[in-house]
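See structure below.
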Amino acid sequence: MRLSPRATTVQAPEIICSRCSGVCNNKVKELGIRIPRPVGQGPSRFLPEEEILQVGTEDSNMHSMFADAFSDMGRLDNITLVMVFHPQYLESFLKTQHYLLQMDGPLPASYQHYIGIMAAARHQCSYLVNQHVNDFIQSGGDQKWLNGLENAPLKLRNLGELNKLLAHRPWLITKEHIEQLLKTGEHSWSLAELIHAVVLLAHYHSLASFTFGCGISPEVHSDGGHTFRPPSVGNYCICDITNGNHRGDESRHTAGSLSSDSSFEVEVLMEKMKLLQECRDEEEASQEEMATRFEREKTESMLTFAIDEDPPPGREVSKHFEDTSYGYKDFSRRGMHVPTFRVQDFSWEDHGYSLVNRLYPDVGQLLDEKFHIAYNLTYNTMAMHNDVDTSTLRRAIWNYVHCMFGIRYDDYDYGEINQLLDRSFKVYIKNVVCSPEKTTKRMYDSFWRQFRHSEKVHVNLLLMEARMQAELLYALRAITWYMT
């Protein structure tokens, strides 16, 4: 019997897909093949899946951006799917990352990805380590290097000390560290190569902060992204319930909640912002008082941690770096002093930008654009309120990150930080920036409970870029000292 054209349209694509899936599943079961399933729900353990843009629902501009990202990396990763809350920033981020990894630069592709592995490993970020292991292999890198840092070329091994200091205590970087890498010899670095390496290290240290700060989940095809265990209680395995990763519904009520208490917190914060803006116009503290407030905030920031002792990093990650016990926490607990770095003496705008652009053309411009977009990004909203000037709050967040690294702006009143950032928010910032691997869902849920998840992602963009700029300032200052 011949089917009419109308009859042929009955088999909708989703029906065909469903039936084919059923046939395949039955056949797979007959053959005894185990079928993997995702460990988590969606791109993030912290954000509800339904609030994240689903691939296939994006507009034409976003589709073009996704296509370019897929063409560059051969994947559309979960970092991109979370950053898409802020398309303007995502476009700048992808453009910069494309230039660092895809365009011809001072370093070969295998070195670029191995440096990415070294940087991500310092924070035990297996998500980024696994990405770059795959990219390293695809770029033709020597797989013996993946057995551990001791198997990599001496030139890369020599970068280990700078990687360690840059990730945890950048204020300790001196011109001697730079001189050691640049000294004449078979395994020495050129200035252009070193600038490329420093930018990559800072990029992946800060991206590890974003990855942990937003609870990025591994993709289903990646290590740690799938399991063969059947779903258990309420679609979660017992291991998910015991480690707290089953609280998907709970997160819907923590960020974006409109309870009366949360609403009151927003009103209080907005009132503080308004008063600070008014007071700033009326009176200005003396330089001595401003310096005192900075030192007080810097000292207090050293005591803001709320983390337990770390378990030792797993072998698969720790083999890519040395001195695994080294970290920011050791420094803070010993009560050592962080020296003050005055932006008036060395700034990104006046010194760092031009140095990077001179030795690695166009990268300074790309980084500068990315810093500015993250710092100035605003939708003039706060939770349920519109037409809000958030510049005071954004500046407090940025400057608090720099304060933790000892970086001071002479024209900023650091008393504003205590007015605008409460303790739970400071704990979150400190962990995301200094020990991102310790960031938990509880920390994420505990600050700004009434704000949207997109606003918390925005916070993480600020933390990531402020941290990256802080690392670059210290490294570039040391390079400048060496050159002069």
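Start at 1 with the first residue, then count along the sequence.
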- Task: Could you pull out all residues at least two apart from Glu369 that satisfy salt bridge (Lys or Arg N to Asp or Glu O under 4.0 Å)?
- Result: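 Glu369 satisfies salt bridge (Lys or Arg N to Asp or Glu O under 4.0 Å) with Lys95 only.
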
Does [X] use its side chain to pair, donor to acceptor, with the backbone of [Y] at less than 3.5 Å?
X: Asn460; Y: Lys456; answer: yes
X: Ser206; Y: Ala202; answer: yes
X: Arg122; Y: Lys164; answer: no
X: Asp368; Y: Gly364; answer: no
X: Asn130; Y: Ser126; answer: yes
X: Ser347; Y: Gln344; answer: no
X: Tyr474; Y: Phe405; answer: yes
X: Lys272; Y: Glu416; answer: no

Check this for me: does any side-chain nitrogen of one of [X] and [Y] sit under 4.0 Å from a carboxylate oxygen of the other?
X: Glu297; Y: Arg408; answer: no
X: Lys426; Y: Asp422; answer: no
X: Arg442; Y: Asp445; answer: no
X: Glu271; Y: Lys274; answer: no

Could you report the tightest heavy-atom contact between [X] and [Y], atom names first, then the distance?
X: Ala121; Y: Val129; result: N-CG2, 3.7 Å
X: Leu100; Y: Gln112; result: O-OE1, 3.1 Å
X: Gln124; Y: Phe212; result: O-CZ, 3.6 Å
X: Ile115; Y: Ala197; result: CD1-CB, 3.9 Å
X: Ile373; Y: Tyr89; result: CG2-CA, 3.7 Å
X: Phe66; Y: Leu81; result: CZ-CD2, 4.1 Å

State, with a plain yes or no, whether a side-chain heavy atom of [X] is found less than 4.5 Å away from one of [Y].
X: Arg169; Y: Cys434; result: no
X: Val266; Y: Leu269; result: no
X: Ile52; Y: Phe85; result: yes
X: Thr340; Y: Ile407; result: no
X: Glu455; Y: Val459; result: no
X: Ile117; Y: Tyr204; result: no
X: Thr390; Y: Asn380; result: no
X: Val388; Y: Thr381; result: no

Kindly compute the distance separating [atom1] ([X]) from [atom2] ([Y]), expressed to the nearest 0.5 Å.
X: Thr440; Y: Arg45; atom1: OG1; atom2: CZ; answer: 9.0 Å
X: Leu377; Y: Arg394; atom1: CG; atom2: CZ; answer: 7.5 Å
X: His453; Y: Trp448; atom1: NE2; atom2: CH2; answer: 14.0 Å
X: Lys430; Y: Leu463; atom1: NZ; atom2: CG; answer: 13.0 Å
X: Ile429; Y: Cys403; atom1: CD1; atom2: SG; answer: 11.0 Å
X: Leu359; Y: Leu194; atom1: CG; atom2: CG; answer: 9.0 Å

- Message: Evaluate His168 against His123 for ring pair (Phe, Tyr, Trp, His ring centres under 6.0 Å), listing each step before the verdict.
- Response: CA-CA 9 Å; His168 304 295; His123 285 307; 5.3 Å; yes

- Item | Residue from Gln102, His203, Lys370 passing side chain to side chain donor-acceptor pair (under 3.5 Å) with Gln97 | His203

- Item | side chain to side chain donor-acceptor pair (under 3.5 Å) evaluation trace for Ser44 with Glu49 | CA-CA 7 Å; Ser44 166; Glu49 184 178 13; over 6 Å; no

- salt bridge (charged side-chain N to carboxylate O under 4.0 Å, His left out) between Arg395 and Asp411: does it pass, once the steps are laid out? CA-CA 12 Å; Arg395 190 181 186 192; Asp411 61 346; 3.5 Å; yes

Is it true that the side chains of [X] and [Y] contain a donor and an acceptor less than 3.5 Å apart?
X: Tyr414; Y: Glu295; value: no
X: Glu51; Y: Ser454; value: no
X: His385; Y: Glu267; value: yes
X: Ser424; Y: Ser446; value: no
X: Asn357; Y: Ser354; value: no
X: His205; Y: Asn163; value: yes

- Task: Start with the C-alpha gap between Asp77 and Tyr127, add the side-chain angles, then the distance that decides, and say whether side-chain contact (heavy atoms from CB on, under 4.5 Å) holds.
- Result: CA-CA 10 Å; Asp77 63 19; Tyr127 178 89; 3.4 Å; yes

Tell me which donor-acceptor pairs under 3.5 Å the side chains of residues 477-484 have, and how far apart each pair is, sequence neighbours excluded?
unit_1	atom_1	unit_2	atom_2	d
Thr480	OG1	Leu476	O	2.8
Thr484	OG1	Thr480	O	2.9
Thr484	OG1	Trp481	O	3.3

- Given side-chain contact (heavy atoms from CB on, under 4.5 Å), test Phe425 with Ile397 step by step and report yes or no. CA-CA 10 Å; Phe425 194 12; Ile397 294 169; 3.9 Å; yes

- Query: Picking from Tyr375, Trp398, Phe341, Phe371, what satisfies ring-ring contact (aromatic ring centres under 6.0 Å, His included) with Trp348?
  - Reply: Phe371

- Message: For Phe46 and Tyr444, take the angle between the two ring planes, folded into 0 to 90°, and tell me which bin it lands in: parallel under 30, tilted 30 to 60, perpendicular over 60.
- Response: tilted

- Query: After noting the C-alpha distance and the side-chain angles of Leu101 and Leu200, does the key distance pass the side-chain contact (heavy atoms from CB on, under 4.5 Å) rule?
  - Reply: CA-CA 9 Å; Leu101 296 175; Leu200 285 169; 4.0 Å; yes

- Task: List the steps and the verdict of side-chain contact (heavy atoms from CB on, under 4.5 Å) for Phe210 and Val432.
- Result: CA-CA 7 Å; Phe210 182 87; Val432 168; over 6 Å; no

- ring pair (Phe, Tyr, Trp, His ring centres under 6.0 Å) between Tyr379 and His86: does it pass, once the steps are laid out? CA-CA 10 Å; Tyr379 305 95; His86 306 286; 5.6 Å; yes

- Note on the structure: Hits for side chain to side chain donor-acceptor pair (under 3.5 Å) against His63, two or more places apart or cross-chain, chain-then-number order -> Glu58

